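Small disclaimer: the values here were computed from a predicted structure and weren't measured.
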Amino acid sequence: ILFNIDSKSEADAKSNKDAIIDVFLKVFNEMQGFCGSLPFLADLERKLSEDGQYDCFKAKFQEVSGRKWEEARDEFYFIQDEIVKTLAALGIMSEDAARNWCERAVDTYSLSIEKFANLVRKYCESKGENHHVVFLVDEIGQYIAGDARLMLNLQTVTEDLGIACSGKAWVIVTSQQ
């Protein structure tokens, strides 16, 4: 997964102590075809995919809304009614449960570095014994720019990936200095 960390991060991300992990999760989700900008939505997509219902969900969503899921999902706050109808029509959730999920997903979503590392481990395991993931992060030096919090965040991401994935996930970075 090759990416320039500054171009993939949110505009105000560097002030967030979890800026590095947020970007890693975003590119990891995008690599799998899931929503990069809304991690709670990517979790729904991941669950649907694991249950073998993601393609049915996308087809039903297009039938309900008239739009492709991948083109509409970033407008989550404007398409909640269509998501609720789709989830309920497929029997994935009741209409009440789907509406409750839509209303609470943003506020209840949490991410830890350990959770991310376990997502990567689970992904590698699902792809077979000899599957590896390599995060190639360009211009990390400019992004971190002496910020010890960001450096610690990167170090912890790398260590937790190493532990959780038993060497099947690598982090390679470039820097000017």
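- Among all heavy-atom pairs drawn from Cys124 and Val133, the shortest one is SG-CG2, 3.6 Å.
- Annotation for Lys68: atom NZ does not count as buried by contact number, only 12 or fewer foreign heavy atoms lying within 6.0 Å.
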Gln53 and Ile92: CA distance, side-chain angles, deciding distance, side-chain contact (heavy atoms from CB on, under 4.5 Å) verdict: CA-CA 9 Å; Gln53 297 180 309; Ile92 295 167; 3.6 Å; yes
Stepwise side-chain contact (heavy atoms from CB on, under 4.5 Å) test for Asp96 and Arg99: CA-CA 5 Å; Asp96 288 342; Arg99 180 139 336 266; 5.8 Å; no
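- Listed here is the closest heavy atom pair of Ile113 and Asn153: CD1-ND2, 3.5 Å.
- Ile5 contributes atom CD1, which lies 7.0 Å from atom CD1 of Ile144 (distance to the nearest 0.5 angstrom).
- Under the 4.5 Å side-chain heavy-atom criterion for Ile, Leu, Val, Met, Phe, Trp and Tyr, Val171 and Met151 are members of the same hydrophobic cluster.
- Val27 and Leu161 fall within the same hydrophobic cluster, where Ile, Leu, Val, Met, Phe, Trp and Tyr residues are linked whenever their side-chain heavy atoms come under 4.5 Å apart, directly or through other members.
- Residues that satisfy the ring pair (Phe, Tyr, Trp, His ring centres under 6.0 Å) test with Phe24, not counting sequence neighbours, are Phe3, Phe135.
- In terms of modelled atom types and a separation under 3.5 Å, the side chain of Thr174 and the main chain of Glu139 share a donor-acceptor contact.
- Counting non-hydrogen atoms of other residues, nucleotides and ligands closer than 6.0 Å to NZ of Lys85 gives a total of 12 or fewer.
- Considering CD1 of Ile163 and OG1 of Thr158, their distance stands at 11.0 Å, rounded to 0.5 Å.
- The two residues Ala164 and Ala117 come nearest to each other via the heavy atoms CB-CB, 3.7 Å.
- Considering CD1 of Ile140 and CG of Asn4, their distance stands at 9.5 Å, rounded to 0.5 Å.
- By the criterion of side-chain heavy atoms lying less than 4.5 angstrom apart, applied directly or through intervening Ile, Leu, Val, Met, Phe, Trp or Tyr residues, Leu25 is grouped together with Val106 in one hydrophobic cluster.
- More than 12 heavy-atom neighbours from other residues, nucleotides or ligands sit within 6.0 angstrom of CD on Glu125.
- In terms of heavy-atom proximity, Asn130 sits nearest to His132 at O-ND1, 3.3 Å.
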Full working for salt bridge (Lys or Arg N to Asp or Glu O under 4.0 Å) between Lys60 and Glu63: CA-CA 5 Å; Lys60 187 65 168 179; Glu63 180 184 313; 3.0 Å; yes
Check against side-chain contact (heavy atoms from CB on, under 4.5 Å), Glu70 and Lys58: CA-CA 8 Å; Glu70 292 85 353; Lys58 291 189 290 186; 3.1 Å; yes
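- Annotation: side-chain hydrogen bond (donor to acceptor under 3.5 Å, both in side chains) contacts of Glu159 (sequence neighbours excluded): Gln155.
- Taken together through direct or relayed side-chain contacts under 4.5 Å among Ile, Leu, Val, Met, Phe, Trp and Tyr, Ile83 and Leu90 form part of one hydrophobic cluster.
- Atoms CG and CD, on Leu87 and Gln80 in that order, are 11.5 Å from each other to the nearest 0.5 Å.
- Taken from CD1 in Ile172 to CD1 in Ile1, the straight-line distance is 12.0 Å, to the nearest 0.5 Å.
- Atom CG of Leu152 and atom OG1 of Thr156 lie 4.0 Å apart (nearest 0.5 Å).
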Test log, rule salt bridge (Lys or Arg N to Asp or Glu O under 4.0 Å), inputs Arg67 and Glu82: CA-CA 10 Å; Arg67 298 174 63 197; Glu82 290 89 346; over 6 Å; no
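- Cluster membership check: Phe61 does not share its hydrophobic cluster with Val84, using side-chain heavy-atom separations under 4.5 Å among Ile, Leu, Val, Met, Phe, Trp and Tyr.
- Residues Arg149 and Asp147 share a closest heavy-atom pair of N-OD1, 2.9 Å.
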Evaluation steps, side-chain contact (heavy atoms from CB on, under 4.5 Å), between Trp101 and Thr108: CA-CA 9 Å; Trp101 179 85; Thr108 60; over 6 Å; no
Donor-acceptor pairs under 3.5 Å, side chain of residues 31-44 to any protein atom, not counting sequence neighbours: which ones?
{"from": "Gln32", "atom 1": "NE2", "to": "Phe28", "atom 2": "O", "distance (Å)": "3.3"}
{"from": "Ser37", "atom 1": "OG", "to": "Asp74", "atom 2": "OD1", "distance (Å)": "2.7"}
{"from": "Asp43", "atom 1": "OD1", "to": "Arg46", "atom 2": "NH1", "distance (Å)": "2.9"}

